[in-house]
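Proteins get letters first, then strands, A, B, ... in listed order; numbering begins at 1 in each.
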Protein chains: 2
Amino acid sequence: MDQEARSRRQRLALRKATQDENLFGRLQAAATASRSQAQRLLSSAGGLSITQWRILWDLEEAGPLTVQDMATIQRTDHSLVSRALSVMRDKGYVETVTNPEDKRQSLIRMTAAGAHAFANAAPTMKERRESLADIFEPNEIATFLSLISRFETHLNQPSEEPK
Amino acid sequence: MDQEARSRRQRLALRKATQDENLFGRLQAAATASRSQAQRLLSSAGGLSITQWRILWDLEEAGPLTVQDMATIQRTDHSLVSRALSVMRDKGYVETVTNPEDKRQSLIRMTAAGAHAFANAAPTMKERRESLADIFEPNEIATFLSLISRFETHLNQPSEEPK
DNA sequence: AGAAATTATGTGACTTGTCACGCAATATCT
DNA sequence: AGATATTGCGTGACAAGTCACATAATTTCT
């Protein structure tokens, strides 16, 4: 290892230490790791995608629901829900009827096949949720959620006029 | 609005309230909102993608660096860095030489064109970072980072054997 | 020294997620 | 009543991000 490589190693270490304190990057990486974990768990429990799992879970808890309902619950874009539903209809997990009260809306309900896929994934995902209690006290989770809320509120503020 | 719609509205509200306390979903949504904000800001400041911005920033602060270095700093996968670099080389923002010490490694440095693109985006991204102080005290940011660290550590643990 | 294992980078295929857009339905305004 | 604005859903194009894989280079083991 020559002087240049030593220097690069030092620069890398300093830079990494700086970025360890960068909330934006850290939040992004944690969310990404969380998502990968969910994907791995779901892959071992029937192979649902995350959005498919979320849709089935919402339908189980509160169905029948519209695309917009589920996008709201999941804090995600309706187009992602719509796209996942397309696959799920093909697989027979959900069925869709037009809402007679508003013909723009699709009302989605879970089928028996969907319930089976849900039941396959539910235990491991429940365990995942409950395992948070292994590392956080309830007040710590509340703090975490509160910090997240304040971060989100700030993101959604109109930016000030450029100076 | 008939009884069924009223019922659906109630179910939706309850379900949403439950998911408001779901740390996994909240973290994911916050990270996504943060990313969208960054994309909007960068779009108005020269049009760099987030990964391109991060690469230029790393090179500015600590370059020249390898793909692996930057993936480590950014807590992201090397393949994302590699892909972004391909575009950036085409645009003339970076140049790549093989590291004489290890011929597998590419050493990446920023060009003058890259420095120009960086300088275009840097003020707005600096302002973004600094605006966190408008909403969080330093100890609050430290708490936030600590909670994120513990969350990540937990995610990376081998899962227990299924019971 | 040679074989086997590991590592760095690039590429492919896929998912999550955004924003833009189109079209039909609904709500609001005149 | 008719015109205009808004809304719900589906689709396209793209970016962030993962994992798998290939290939060449390097390291480790025998």
Side-chain angles (χ1 to χ4, degrees), chain A residues 1 5 8 24-25 27-44 47-55 65-72 74-89 96-108 155, chain B residues 1 5 8 24-25 27-43 47-55 65-72 74-90 96-108 155:
Chain A
M1 185 185 305
R8 208 183 94 242
F24 296 109
L27 197 64
Q28 194 64 51
T32 296
S34 177
R35 186 173 69 194
S36 289
Q37 189 205 40
Q39 283 173 328
R40 272 194 308 273
L41 292 174
L42 288 169
S43 179
S44 303
L48 290 174
S49 75
I50 291 178
T51 308
Q52 288 168 10
W53 156 253
R54 284 177 177 163
I55 287 171
L65 294 166
T66 67
V67 171
Q68 184 74 270
D69 292 340
M70 288 189 279
T72 298
Q74 296 171 27
R75 289 171 152 82
T76 193
D77 194 82
H78 77 275
S79 53
L80 197 57
V81 172
S82 191
R83 215 167 326 250
L85 283 174
S86 178
V87 174
M88 292 169 83
R89 272 191 293 261
T96 304
V97 295
T98 303
N99 184 355
E101 288 221 328
D102 183 340
K103 292 188 174 48
R104 298 172 301 182
Q105 294 186 331
S106 309
L107 269 176
I108 297 115
L155 290 178
Chain B
M1 183 186 305
R8 208 183 92 243
F24 296 108
L27 198 64
Q28 192 63 54
T32 296
S34 176
R35 186 173 69 191
S36 289
Q37 187 204 44
Q39 281 173 330
R40 273 196 306 274
L41 293 174
L42 288 169
S43 179
L48 291 174
S49 74
I50 290 178
T51 308
Q52 288 168 10
W53 157 252
R54 284 178 176 158
I55 287 172
L65 295 166
T66 66
V67 170
Q68 184 75 270
D69 292 340
M70 289 190 278
T72 298
Q74 296 171 26
R75 290 172 151 82
T76 192
D77 194 83
H78 76 278
S79 52
L80 198 58
V81 173
S82 191
R83 217 169 323 253
L85 283 174
S86 178
V87 175
M88 293 169 82
R89 270 191 295 259
D90 289 347
T96 304
V97 295
T98 302
N99 184 356
E101 288 222 326
D102 183 340
K103 293 190 171 46
R104 300 172 301 182
Q105 296 185 329
S106 308
L107 271 175
I108 297 115
L155 289 179

Worksheet item: B:Thr72 side chain to B:Gln68 main-chain N or O, any donor-acceptor pair under 3.5 Å?
Response: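 Yes; judged by distance alone, with no hydrogens or angles, the pair exists.
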
Worksheet item: Taking the nucleotide of DNA chain D with the closest heavy atom to each, which residue, B:Asp102 or A:Leu85, is nearer the 5' end?
Response: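 Counting from the 5' end, the first nearest nucleotide belongs to A:Leu85.
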
Worksheet item: Closest nucleotide of DNA chain D for B:Asn99 versus for A:Val67: which of these residues is on the 5' side?
Response: A:Val67

Worksheet item: For every nucleotide of nucleotides 14-22 of chain D, 5' to 3': is a protein heavy atom under 4.0 Å from its base (B), only from its sugar-phosphate (S), or from neither (-)?
Response: -SSBBB---

Discussion item. Rounded to whole Å, how long is the line connecting atom CG of A:Asp69 with atom C1' of D:dT7?
Written reply: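 Result: 14 Å.
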
Worksheet item: Roughly how many Å is it from CZ in B:Arg104 to C1' in D:dT26, rounded to a whole number?
Response: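 Going from CZ in B:Arg104 over to C1' in D:dT26 covers 4 Å.
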
Worksheet item: With sequence neighbours excluded, what pairs up with B:Arg104 under the salt bridge (charged side-chain N to carboxylate O under 4.0 Å, His left out) test?
Response: B:Asp102

Worksheet item: If you walk 5' to 3' along DNA chain C, what is the first nucleotide with an atom under 4.0 Å of a heavy atom in chain B, and what is the last?
Response: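 In short, chain B contacts DNA chain C from C:dT7 to C:dC19.
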
Item to complete: Give the intermediate values and the outcome of side-chain contact (heavy atoms from CB on, under 4.5 Å) for residues A:Thr96 and A:Leu85.
Response: CA-CA 9 Å; A:Thr96 304; A:Leu85 283 174; 5.7 Å; no

Worksheet, complete the sentence: As a check of understanding: the bend across the helix from C:dA1-D:dT30 to C:dT30-D:dA1, end axes from five pairs, rounded to 10 degrees, works out to 30°

Worksheet item: Which residues satisfy the side-chain contact (heavy atoms from CB on, under 4.5 Å) test with B:Arg8, sequence neighbours excluded?
Response: A:Leu65, A:Thr66, A:Asp69, A:Asn99, A:Gln105, A:Leu107, B:Glu4, B:Arg11

Discussion item. Quick check: do A:Arg83 and A:Ser79 have side-chain heavy atoms less than 4.5 Å from each other?
Written reply: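 A:Arg83 vs A:Ser79: side chains touch.
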
Rounded at 0.5 Å granularity, tell me how far [atom1] in [X] sits from [atom2] in [Y].
| X | Y | atom1 | atom2 | answer |
| --- | --- | --- | --- | --- |
| A:Gln39 | A:Leu48 | CD | CG | 12.0 Å |
| B:Ile50 | B:Leu41 | CD1 | CG | 9.5 Å |
| B:Gln74 | A:Gln28 | CD | CD | 11.5 Å |

Practice prompt. Let me know which of B:Ile108, B:Thr76, B:Leu80 forms a side chain to side chain contact (heavy atoms under 4.5 Å, CB included) with B:Met70.
Written response: B:Ile108

Worksheet item: Can you name the side-chain hydrogen bond (donor to acceptor under 3.5 Å, both in side chains) partners of A:Thr51, sequence neighbours left out?
Response: none

